[in-house]
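Scroll down for the structure; my scribbles are underneath it.
Below, chain A is the first sequence line, B the second, and so on; all start at residue 1. Not measured: the values here are computed from a predicted model. Hydrogens, waters and symmetry mates are skipped; everything else that's a heavy atom, side chains included, is used.
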Amino acid sequence: MRWSQYFLYTSREVPADAEVISHQLMSRAGMLRKHAAGIYSFLPFGLRSMSKMMGIVRRELDAVGCQELEMPVVQPAELWQESKRWRKYGKELLRVKDRHGRDFCLGPTHEEVVTDLVRRNVKSYRQLPLNLYQIQTKFRDEIRPRFGLMRGREFMMKDAYSFHADDTCMDDVYQAMHGAYSRIVEACGLDYIVVDADSGTIGGSSSHEFMVLADTGESAVIRCKASGYAANVEKAVTKLETPEAPASDVLEEVATPGLTTVEQVAKHLGVDPSQMVKTLIYEHDGGIVAVAIRGDREVNEVKLKNVLDAEWLRLADAEKVSRATNAPVGFAGPVGLSVDRLIADTTTQELKNFACGANKVDAHLTGVNWGRDAEVTEFADVLMVVEGDADVESGEPLETFRGIEVGHIFKLGTSYSEAMNCNFAAEEGPDKPMIMGCYGLGIGRTVAAAIEQNHDKDGIIWPLPLAPFQVLLSALNPAADDAVREVAERLYGDLETAGYEVLYDDREMSPGAKFKDADLIGLPLRVVVGSRSLSNGGVEFSLRRAPQEREIVAVGDIIERLGRALEELS
RNA sequence: CGGGGCGUAGCUCAGCCUGGUAGAGCGCACGGUUCGGGUCCGUGAGGCCGGAGGUUCGAAUCCUCUCGCCCCGACCA
């Protein structure tokens, strides 16, 4: 491709709305343009790396037996009503009506459609397993799109869905997909970890996220080096030491005028916050619920939502709190509450003689004990794990990292197949619902993550597999220097003929500007033709990742030299 | 949706406080100059100052309302 004719316009200015480095560089390097919040065009240069990414995905998925298909972006409401997600998915599902007033949505994911496809044609265990995937634009009306491609509303995703006759088969395919995902992420040259994850609105029993480590990542990841345990913070577990119990087991009310925070009350009572139980009042689609948790700890609302099997969850407003506790916000406690359920975190189960709010203004209780003083509906793990907590297995302190979630795989079980009657004739006995798995991977997000991990102050440093072109051929002052122009033109033809992906910078610009652009767009291999290089006996060759190490290579040897460099980079 | 911020040339921004002929740099076009790390000089095109109301002799500037965008939180590939 001749740059002088190419739709590739770089910029030295950082767009005002680009916060993260990948977004800044992709914008400056002319890969994409924004049209609205979370909605982008991919320009030719950017699309090339997306295509590379898609190629890697296809290669690895096809290798583990997946079959590609293409499902509709616009999906009928009926399917979503059948799975009950028309109601459950919430506002993220962009709903539209056609001219007849029929309801449709823009597909954020395709469990319903693929299940509908499979149930029509697959009737027997003999036809299973099956693993279908597509690479397609998804639309999710995110509350807050941000960080360029990291969280778009319209975005390119690879989504795969597997169907099985039994759990063993499900597990095998899950492992195969785990392997394929690992190879994909590795092929992109990314530093990543796989973590236990919450399965969110997609549902299901087990799931793992592929996290690319990056400070700009939106997800917090917990990891233990010793045991190899790794989990999304939403899912992470720990084991806490139970603090020593205060001596008195007498239930007493203590005046705490004006003291509403745990720290204030603990200080006043002369106990540690960990010896207190704080009580938070939540409301959700199933009613009002109180959550008791150790005073020094925070509630993990994702865990809580799962325990409650809630569609939505939020802290109750002041009015609901005072109705539940008969007191203003700040004095809630587990004793004598009027709520639908009282969930206590498991780390409070062993607490004895603890202190807590009295459900009365300016008062707290001491010497409180479960059973005698308060009935808990259920003890459950709703604890937010923090850095330094002990790993359950090794006891070593857990570390936290920031990560970009580029892929997420789920064991779905039979929730969709049951809701949508996707059954098969088993080898023996009655028909059964198929067991399903699903596997998502963000194409644009992975490309963005690759840039987050591979850049320097001058621009992108493309990992070879994702590079829009392999080689940048740059002619310095081609209009003024006939020899330069002739060599560069001939070389461009030769490289194309030899099968290299070449971007030929034949623009009439000053050499300095060309070098700046070359660094910015970050193609792995660079060949510079200039009067100086020619007088030194050839053209100049260098790698983007090591810009200082330039070699002069005879024109006749450059193809061989490029071939060797490609070998080394692969 | 809650909290914060911003909308002025294609891009990055000044001007607004204190109302009075709409600016700079980059980019673009043309001419010259330079030619291995964003050369330099000159000329030029390019604006409904996000939109709508209001105050005023007069509004980019003050007031009200709207729309859009960005950041922090709840959602997720």
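- Of all nucleotides present, only U43(B) satisfies the Watson-Crick or G-U wobble test against A29(B), with each distance under 3.5 Å.
- Straight-line distance from the CG atom of L94(A) to the C1' atom of C76(B): 16 Å, rounded to whole Å.
- At whole-Å resolution of the value, NE2 in H23(A) and P in C11(B) are 13 Å apart.
- Put simply, CD on Q24(A) is 14 Å from P on C70(B), counting in whole angstrom units.
- When the P atom is compared between C6(B) and C16(B), the two are found 15 Å apart, to the nearest whole Å.
- D506(A) and Y6(A) are not linked by any side-chain donor-acceptor pair at a separation below 3.5 angstrom, with hydrogens and angles left out of the test.
- The partner of U12(B) is A24(B), by the rule that a Watson-Crick or G-U pair needs both atom distances under 3.5 Å.
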Summary of protein contacts for nucleotides 25-37 of chain B, nucleotide by nucleotide, where a base hit scores B, a sugar-phosphate-only hit scores S (4.0 Å, heavy atoms): BS--------BBB
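- Within the 4.0 angstrom heavy-atom criterion, no nucleotide atom of any strand lies near G90(A).
- Taken from OG in S22(A) to CG in N454(A), the straight-line distance is 11.5 Å, to the nearest 0.5 Å.
- When distances are taken from the side chain of H408(A) to each of C71(B), A77(B), C70(B), the shortest belongs to A77(B).
- If you take CZ of F147(A) and C1' of C75(B), they are 14 Å apart, rounded to a whole angstrom.
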Stepwise side-chain hydrogen bond (donor to acceptor under 3.5 Å, both in side chains) check, T137(A) with E154(A): CA-CA 6 Å; T137(A) 297; E154(A) 188 176 299; 4.9 Å; no
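- Regarding contacts with the backbone of C70(B), a side-chain N or O of K34(A) is found under 4.0 angstrom from either OP1 or OP2.
- With a 6.0 Å radius and a threshold of 12 heavy atoms from other residues, nucleotides or ligands, D215(A) has its CG atom at or below the threshold.
- Using N1 to N3 plus N6-O4 or O6-N4 for Watson-Crick, or N1-O2 and O6-N3 for G-U wobble, each under 3.5 Å, G2(B) pairs with C72(B).
- Taking the P atoms as reference points, C49(B) lies 12 Å from A59(B), given to the whole Å.
- The side chain of S219(A) lies closest to C76(B) when the candidates are C72(B), C76(B), A74(B).
- Closest-nucleotide positions on RNA chain B for G442(A) and G38(A) were compared, and the one nearer the 5' end corresponds to G38(A).
- Taking each heavy atom of V484(A) and L476(A) in turn, the nearest pair found is CG1-O, 3.3 Å.
- The cationic group of R2(A) does not satisfy the cation-pi geometry with Y492(A), failing either the under 6.0 Å distance to the six-membered ring centre or the 45° limit from the ring axis.
- Put simply, R144(A) has a side-chain N or O that comes within less than 4.0 Å of OP1 or OP2 on C71(B).
- Counting any heavy atom pair closer than 4.0 Å across all strands shown, P15(A) reaches sugar-phosphate atoms only and no base atom.
- When the C1' atom is compared between U55(B) and U61(B), the two are found 13 Å apart, to the nearest whole Å.
- A straight line from CD of E19(A) to P of G73(B) spans 11 Å, rounded to a whole angstrom.
- One interatomic measurement links the two molecules: CE of M54(A) to P of A77(B), which rounds to 19 Å at whole-angstrom precision.
- No hydrogens or angles were tested; on distance alone, a donor-acceptor pair under 3.5 Å links the side chain of R151(A) to the base of C75(B).
- Rounded to the nearest Å, the gap between the P atom of U8(B) and that of A29(B) is 24 Å.
- The distance between atom CG of L149(A) and atom C1' of A77(B), rounded to the nearest whole Å, is 12 Å.
- Looking at heavy-atom distances under 4.0 Å, R28(A) makes contact with a base.
- Residue order along RNA chain B, read from the 5' end via each residue's closest nucleotide, puts A16(A) first among R445(A) and A16(A).
- Rounded to an integer number of Å, the gap from NZ of K514(A) to C1' of U39(B) is 15 Å.
- Within the nucleic acid shown, A36(A) comes within 4.0 Å of sugar-phosphate atoms alone, with no base atom in reach, counting heavy atoms only.
- Aromatic ring centroids of F410(A) and H408(A) lie under 6.0 Å apart.
- Comparing atom distances between the R146(A) side chain and each of C72(B), C13(B), C1(B) picks out C72(B) as nearest.
- Side-chain contact, E405(A) with S219(A): no donor N or O sits under 3.5 Å from an acceptor N or O.
- The P atoms of G50(B) and G7(B) are separated by 9 Å, rounded to the nearest whole Å.
- Pairing each heavy atom of M53(A) with each of C188(A), the nearest pair is SD-SG, 3.5 Å.
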